[in-house]
Amino acid sequence: MQKICTYKFLIFLFLLAWRGILAQIDIDHTPPAKYDPEENITIRARIENNLNTNAIADIYYRRAGDNNYFTKAMKRTGDHFEYEIPAKFTGKEGLEYCIILTSDGTQLISSPRDNPLSNPHYIIPIQKAPETNPPVLLAPEETTEISPGDPVLIAISLFDIEQKITDVQLFINDQERTDKANILQDIITLNIGSAQSGSNKIRLQFLGQTEELQTFEWDFTVSSPTRVGEKNLNYSGKITTGNHYEYINNVGQNISRLNFNSNGSWQNFGYRANIFVTSLENATSQPRNRYTFQLVNPIIDLALGDYYPNFSELSLYGKRIRGIQSELNLGFFNLHTIWGYSKRNIRGSIEDQPKIVDGQNIFRRTDYTFQQKIVGMRPSFRIKDVFEFGFSFLKVKDDTNSVNKFINGFDHSPDNLINMPQKPQENINLGADFKLAIDKNRAVWESEIGFSELNRNIYNGAISFNDLDTFFPNDSLANDTITIDGDNAIPLESIPFDPYDFRHIFTINENIDPLLPIVPDSSGHIGFKQIWNMPSLAILSKAKLNYFKNYLILSYKKVGPKYIALTNPYLQRDYREIKIKDRVRLFRDKLFLNMGLTNRKNNVTIGQEQQYDRNTYDVGLMVYPGGKLPRINISHSHNIRTNEGSLDSLANEQGTLEIIDTRIDMTSFRNNVSISQDFELFDLSHNLRLNLSTFNNKDNITKRPTNYNFSSYQNFIIRAHLTSEILQESRLEINISNNSAKHATSQTSIFGCGLNLNYLEHQSKYSLRGGYDFRRGSGRYEFLKNSLDLQINYTILDNQQVICSARYTRMEDRNAQKAYNNVRLYISWNLLF
Amino acid sequence: MKNLYYSVIVILLGCFITQMNGQTAKIAVALKTQGEVLYKHADEDKFNKDVETGTIFQNGDVISTDKDGYAVLVFIDDKSQLTIHENSNFVITRQEENSHILKRVSMEYGKLKATIQKQKDDEFIISTPTSVAAVKGTIFWVISDPKEGDQFYGIEGLIEIRNILSNRVLTLQKMEKSTSTPDGGLEKEKIEDEDVPGTTYQDQNGAGEEKVLRLRYKNKEGKIKHLEIIYEE
């Protein structure tokens, strides 16, 4: 392509002066009326009157409004010349052009004849109606049938129609209903009440921007009246069986399992059944098989077999029980009861080699467990979802007869004593809880209080009234009093009950813990303070407020040192904790701010040296702007741990003074930054996540004795993770990470990278997953690990699926100078019914 | 300096007008309602309007269902649907930025089923006090409780879920359940058909719930076929 050529222009001016001479030659050319800006336009001309064979016709063209012309030689065929102007040079503003003929550099004629470059031909573009999408029927859906008599809503979206439309008309079965319709810029709705059975037609018509009438039609169907079907038994379920084989560090293991799940309903009842059987089930450990049958209706929920009841956070909270559970839901009054076993008895073993004390052989029993029975109830009163108040009673008791003391041929013999280090226990928990939820759960206040009593050894059963006289150590039989440490003598007459009478509720003997549930003050008075500080008391109170885009949680928790719930073994004791957390949502949920403050005092009742405070401050910022912008998360946690410890001197066994430092003043920081970005590359969608996290702790006390060891720890982790959607539902994931940890005396670095491919095809019978993972450890732990993964899921006969997976790992432990070839294989089959 | 003032005023006015325009844009329509379902515009204090079949929602509207409330909403730009169940409260918004459409459901609490059409370059976000879910065309359930956290059930497609407190992220796939808790926990597990809300006995018998009738039959070739009918009483 050439721009205007100055020399041709000069030739043209020169030849123009000779116009009169060349008047006998003419150009026959009629400019086209319009052109399509999206298509090439062909310009044709015919030369009349004895044309010289050397004649050349040039076309000059430009978009209307441009200063410069493009020029091109027109193609000649006999007397005809033509040139196709590419669409990309025509534009929507209009096209200007002229044709200039030269012959041997001397002859000239043009079209238009006069002043063609200043006064060119002008042709206008065809004005097309803007490209637009059709309106979309939102309701009723064309594929669904409407029940007879049901009201019908017609809703049509005009959202994608970019042109301006006028004269909208809506017809239902050829009857115009425009006046009843609600016609807005983006949507048209019309409630037509019930429609006639069979096929119905919707027709929408309007005038578009080019005044053309546009018509769209849809059909919908109203079904014929049908008989209401009776309620039948509905059920569905799944059976899964699988085998897992692994060979890890030269040790092989084979695990088989069978799982049956089914649920369904009949009339007003529903049921759920689950059977899980595994080859790991063994009489020497707690049950791994699970059997559950649950029957549900709006009033009662019955469970038989293995279930996981919840009473409250302080007492029973998800412990597995095998037995019976019932939940009666009457609305205002509700009753939750449980009965069963939380542990089964395990016979255990006896040590071969006795310990000889005073000529007696003492054999120690090991690995045994008493059968643990549990019974509990929680009546509660509820006013809708606003208020609930409940009490709970829970009793857990080991069955002393469930483990035989004498096994492997041992019997009652004065020379052989059997030591049972683990004693049968009994535990009761009494609790009360309430919940107040107002303003549709925006403000919730929950509190609960629990009291426990534990008997650490019930082998000898409950004591009687008379036994109380010698209940405490050093108490004599002589005075008919309960004497504690030779002081605080309580006359037996003042005890209003015989502990033996209560043996069915709780076994009272010298092993109960705490011995005194409540400790009076020095004057014997029991007030609020004494109740509040009961060692076996636990209190929890939480308030949650969800207002003004803030979600505020305030909580207080105090657990006494003697508060023990055998059904909740992971509950920590002897601490007091106050928590304040707030989560703020800003800018239409594009920015989230988290703040938290936790103050925790541990070992509240165990001497000052072991007490310590822990204050945690958390702050986090999450930016989620939407669109193609990255998502950013920043969080910081600051933890301070202090105590009232001191620097003391203590003489050791050799008589030399040793300095003991019990002071704690430690600060730790945890920071995390992550960025996630979606992007398109090579016509594929990708997501890149980068994550950086650090942890550091330091001792704030600089001058420590030389024998003081502070376990400093620093950690730095960096990760990158790329996910690419390679097909509709298939993904390729690539990750790379490095984890550096520095301890007081050593340093470890682990580098890893991996690649995973998940191949899924929509409605396909199979899916594939494969991956490779590499890890290399250096420093304290030196190893090299390469893993290969493969999983295939294949669907058979629509309702059956086979899953096969394999993992091979080559582990080289360079510290131990050993290498392992580890294999995991898994195959399962499942059937849906 | 004077020009600067004018520029600031023009920008603020522009923002205000844009905001007003954004607020009044019609974004969804109610296809079905049952029980007590109320709504209010963003600038109103109280829920003073009943949602009825055909109610058109504008940008920023807040929708609330009572214990027996149930509604089906469809977004007018792409036919994405929300089936809202009892005791729910959320805001729906739509923003158009650089020719992309960002739809957002800001849930305070409740239970809904979302059938989201493929979003191409657009984005659909469901946020709760605990989590944020970015959706690119999928079907899933979300049950949100500010106290207990969120449960997401994937039925089709993929959902990226982020726990706001811990910033942990996971991608939920078909027949998986994710639990996101207020203390920062985020986990997922495989689920079976019967675990999905709306297919269990309790859900089927809840007010305004969809019920599912599954039929199994043999066709002429002897193959076992399943027919699933979803209906309401």
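Quick note on labels: first sequence line is chain A, next is B, and so on, each numbered from 1.
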| message | Could you go through A:Arg731 and B:Leu158, starting from their C-alpha distance and side-chain angles, then the distance that decides it, and tell me whether this counts as side-chain contact (heavy atoms from CB on, under 4.5 Å)? | response | CA-CA 11 Å; A:Arg731 285 178 299 141; B:Leu158 303 172; 3.8 Å; yes
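At distances below 3.5 Å, not a single donor-acceptor pair connects side-chain atoms of B:Asn167 with backbone N or O atoms of A:Met622. The closest donor-acceptor contact from the side chain of A:Arg583 to the backbone of B:Leu165 lies at 3.5 Å or more, if one exists at all. A:Tyr551 places a side-chain N or O within 3.5 Å of a backbone atom of B:Pro146 that can act as its donor or acceptor partner.
Contacts of A:Leu184 with chain B are made by side-chain atoms alone, with heavy-atom separations under 4.5 Å and no backbone atom involved. Interface remark: A:Asp186 contributes backbone and side-chain atoms alike to the contact with chain B (heavy atom separation under 4.5 Å). Both the backbone and the side chain of B:Leu31 have a heavy atom closer than 4.5 Å to some heavy atom of chain A. Neither the backbone nor the side chain of A:Pro135 comes within less than 4.5 Å of any heavy atom of chain B. A:Asn687 touches chain B through its side chain: at least one heavy atom from C-beta onward sits under 4.5 Å away, while N, CA, C and O do not. For A:Lys581, the part sitting under 4.5 Å from any heavy atom of chain B is the side chain, from C-beta outward, and nothing else. Proximity to chain B (any heavy atom under 4.5 Å) is shown, for A:Leu593, by neither the backbone nor the side chain. Proximity to chain A is absent for every atom of B:Glu52, based on heavy atoms less than 4.5 angstrom apart. Contacts of A:Glu446 with chain B are made by side-chain atoms alone, with heavy-atom separations under 4.5 Å and no backbone atom involved. At a 4.5 Å heavy-atom cutoff, the contact between B:Thr130 and chain A is made by backbone and side-chain atoms alike. Proximity to chain B (any heavy atom under 4.5 Å) is restricted, for A:Asn191, to the side chain, taken from C-beta onward.
Contact count versus chain B (heavy atoms, under 4.5 Å) is highest, among A:Asn546, A:Asp618, A:Leu190, A:Thr723, for A:Asn546. Contact count versus chain A (heavy atoms, under 4.5 Å) is highest, among B:Val74, B:Val29, B:Ile164, B:Thr53, for B:Ile164. Looking only at heavy-atom pairs under 4.5 Å with chain A, the residue among B:Lys26, B:Lys79, B:Lys147 that has the most is B:Lys147.
Counting non-hydrogen atoms of other residues, nucleotides and ligands closer than 6.0 Å to OH of A:Tyr547 gives a total above 12. Heavy atoms of other residues, nucleotides or ligands lying less than 6.0 angstrom from CZ of A:Phe587 number 12 at most. No more than 12 heavy atoms of other residues, nucleotides or ligands sit less than 6.0 Å from atom CD of A:Gln185.
Nearest heavy atoms, A:Leu153 versus B:Ala30: CD2-O, 3.4 Å. For the residue pair B:Val132 and A:Phe592, the shortest heavy atom distance occurs at CG2-CZ, 3.6 Å. For the pair A:Arg585 and B:Met107, the tightest heavy-atom approach, listed with the atom from each and the gap, is NH1-O, 4.0 Å. Of all the heavy atoms in B:Asn89 and A:Arg442, the pair that sits closest is OD1-NH2, 4.2 Å.
A distance of 4.5 Å separates CG in B:Asp77 from CZ in A:Phe159, rounded to the nearest 0.5 Å. Distance check: B:Gln81 CD to A:Leu138 CG gives 9.0 Å after rounding to the nearest 0.5 Å. Distance check: A:Ser674 OG to B:Arg162 CZ gives 5.5 Å after rounding to the nearest 0.5 Å.
The closest side-chain heavy-atom distance from B:Leu102 to A:Lys590 is below 4.5 Å.
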